[in-house]
Amino acid sequence: MRSIDEPAVRTSETRREAFGQATAAFTALVTRVGPEDWQLPALGQWTVRDLVGHTSRALSTIEAYLPTAVQATQEVQAGKPADPALDAYAYELAGPADYYLAARAGLGDPAAVAERGRAAGRALGADPAGAVGALATRVLALVAATADSTLVRSPVGTMAFVDYLPTRTFELTVHGLDLARALPGDGGPGAGAPLGSALAAGLDLAAELAARGPDAADLLLLLTGRGSLRSGLSAL
């Protein structure tokens with residue numbers, strides 16, 4: 001049962017629902033990419049293919065991390081880590097905002113991020129939409145079978161799976177919106193797939209990041225419709 005002080009958007013049930021919505025919206029949107037669209041400019045130096053590849057990493061990182069995470073959690077709970085390195089497992093990151101703050105401090109090289117996106121785009125092969133759809137199917141099943149308390153060791157620190165999941169939802173939602181803007185024609189991200197919980201989760205996380213950053217006052221003014229503010233404001 002949710003604590004009286006815990007926002008509804010941060011419950012396990014809502015976080016899982018939001019991830020499912022964001023995944024469905026992104027995969028549906030990718031099916032709208034025409035053969036001639038993959039090389040269109042999308043975000044910064046990325047093409048549509050690069051952006052889809054980068055966004056797909058919100059799914060592939062779950063697939064990469066979880067088998068090891070489940071094994072490590074079981075070993076720690078049994079009091080018998082198979083590897084001395086597993087002794088370091090602990091909740092180093094208290095929530096999704098901590099993940100992004102740590103990532104900004106340690107993994108923020110723009111050139112490296114851009115190249116990972118391009119590499120992920122190339123790895124989708126001759127049928128990117130099919131590859132994304134198959135990946136999403138596998139990851140949704142994996143998420144459904146994973147306990148909230150499973151320890152996930154991300155590159156920037158260890159955290160509970162239920163706290164890692166919103167970071168994946170955020171990536172899928174924000175970059176889904178980027179992709180929708182890059183494609184020709186009308187229609188929102190996901191071609192009709194609902195995004196209510198995913199958008200609420202994204203706004204909740206962005207607001208927490210904004211409140212913990214140096215531009216909190218300016219971002220609050222921006223969200224409340226005040227104009228004449230400097231360009232380049234971001235919660236990230």
Side-chain angles (χ1 to χ4, degrees), residues 8-33 37-38 42-43 46 48-70 95-97 99-100 103 113 116-117 119-121 123-125 127-148 150 152 154 159-183 187-206 236:
V9 75
R10 299 182 186 180
T11 66
S12 170
E13 180 180 3
T14 305
R15 284 178 168 181
R16 288 173 179 273
E17 177 187 3
F19 176 77
Q21 285 188 349
T23 301
F26 173 63
T27 54
L29 181 58
V30 172
T31 66
R32 290 172 44 199
V33 181
D37 297 334
W38 291 103
L43 181 67
W46 279 334
V48 165
R49 176 183 276 271
D50 299 335
L51 176 58
V52 170
H54 172 78
T55 309
S56 73
R57 284 175 49 79
L59 300 169
S60 62
T61 51
I62 291 177
E63 190 171 51
Y65 297 162
L66 278 188
T68 300
V70 171
Y99 171 89
Y100 275 104
V113 172
R116 284 196 295 270
L124 294 175
D127 180 16
V132 168
L135 173 62
T137 297
R138 295 194 306 270
V139 170
L140 286 170
L142 193 57
V143 167
T146 301
D148 288 351
T150 298
V152 176
S154 79
M159 59 197 307
F161 175 67
V162 73
D163 291 326
Y164 181 66
L165 198 59
T167 72
R168 307 302 85 196
T169 301
F170 190 80
E171 296 292 324
L172 289 164
T173 304
V174 173
H175 287 313
L177 295 171
D178 289 332
L179 181 57
R181 294 175 63 189
L183 294 177
L195 268 177
S197 293
L199 288 172
L203 286 167
D204 178 69
L205 178 51
L236 295 178

Any Leu205 side-chain heavy atom under 4.5 Å of Thr169 side chain: no
Reported CG-to-CG distance for the pair Leu177 and Leu43, which is rounded to 0.5 angstrom: 11.5 Å
Pairing residues for Ala147 by the side chain to side chain contact (heavy atoms under 4.5 Å, CB included) criterion, not counting sequence neighbours: Ser149, Thr150
Distance-minimising heavy-atom pair for Ala198 and Ala18: CB-O, 3.7 Å
Asp204: partners by side chain to side chain donor-acceptor pair (under 3.5 Å), with sequence neighbours left out: Arg10
Separation of Leu172 CG from Thr23 OG1 (nearest 0.5 Å): 5.0 Å
Smallest separation among heavy atoms of Ala180 and Leu29, with atom names: N-CD2, 3.7 Å
Carboxylate-amine/guanidinium proximity below 4.0 Å for Asp148 and Arg16: yes
Residues forming a ring pair (Phe, Tyr, Trp, His ring centres under 6.0 Å) with Phe170, sequence neighbours excluded: Tyr100
Donor-acceptor contact below 3.5 Å, side chain Glu171 vs main chain Ala58: no
Exercise: identify the closest heavy-atom pair between Leu59 and Val139: O-CG2, 3.4 Å
Set of residues satisfying side chain to side chain contact (heavy atoms under 4.5 Å, CB included) with respect to Thr31, sequence neighbours excluded: none
Non-hydrogen atoms of Gly196 and Gln21 that approach each other most closely: N-OE1, 3.4 Å
Residues forming a side chain to side chain donor-acceptor pair (under 3.5 Å) with Thr61, sequence neighbours excluded: Tyr164, Arg168
Close side-chain approach of Val33 and Val48, heavy atoms under 4.5 Å: yes
Results of side chain to side chain contact (heavy atoms under 4.5 Å, CB included) for Ala134 - residues two or more places apart only: Arg138
Set of residues satisfying side chain to side chain contact (heavy atoms under 4.5 Å, CB included) with respect to Ala129, sequence neighbours excluded: Val30, Asp127
Scan the side chains in residues 49-56 for donor-acceptor partners under 3.5 Å anywhere in the protein, sequence neighbours excluded, and list what turns up.
unit_1	atom_1	unit_2	atom_2	d
Arg49	NH1	Gly121	O	2.7
Arg49	NH1	Gly125	O	3.2
Arg49	NH2	Gly125	O	3.1
Asp50	OD2	Thr47	N	3.0
Asp50	OD2	Thr47	OG1	3.2
His54	NE2	His175	NE2	3.2
Thr55	OG1	Leu51	O	2.7
Ser56	OG	Gly53	O	2.6

Those residues that, when tested against Asp163, pass salt bridge (charged side-chain N to carboxylate O under 4.0 Å, His left out) (two or more places apart): Arg15
Which atom of Met159 lies closest to which atom of Gly95, heavy atoms considered: CE-O, 3.6 Å
pair Phe19-Ile62: side-chain heavy atoms closer than 4.5 Å: yes
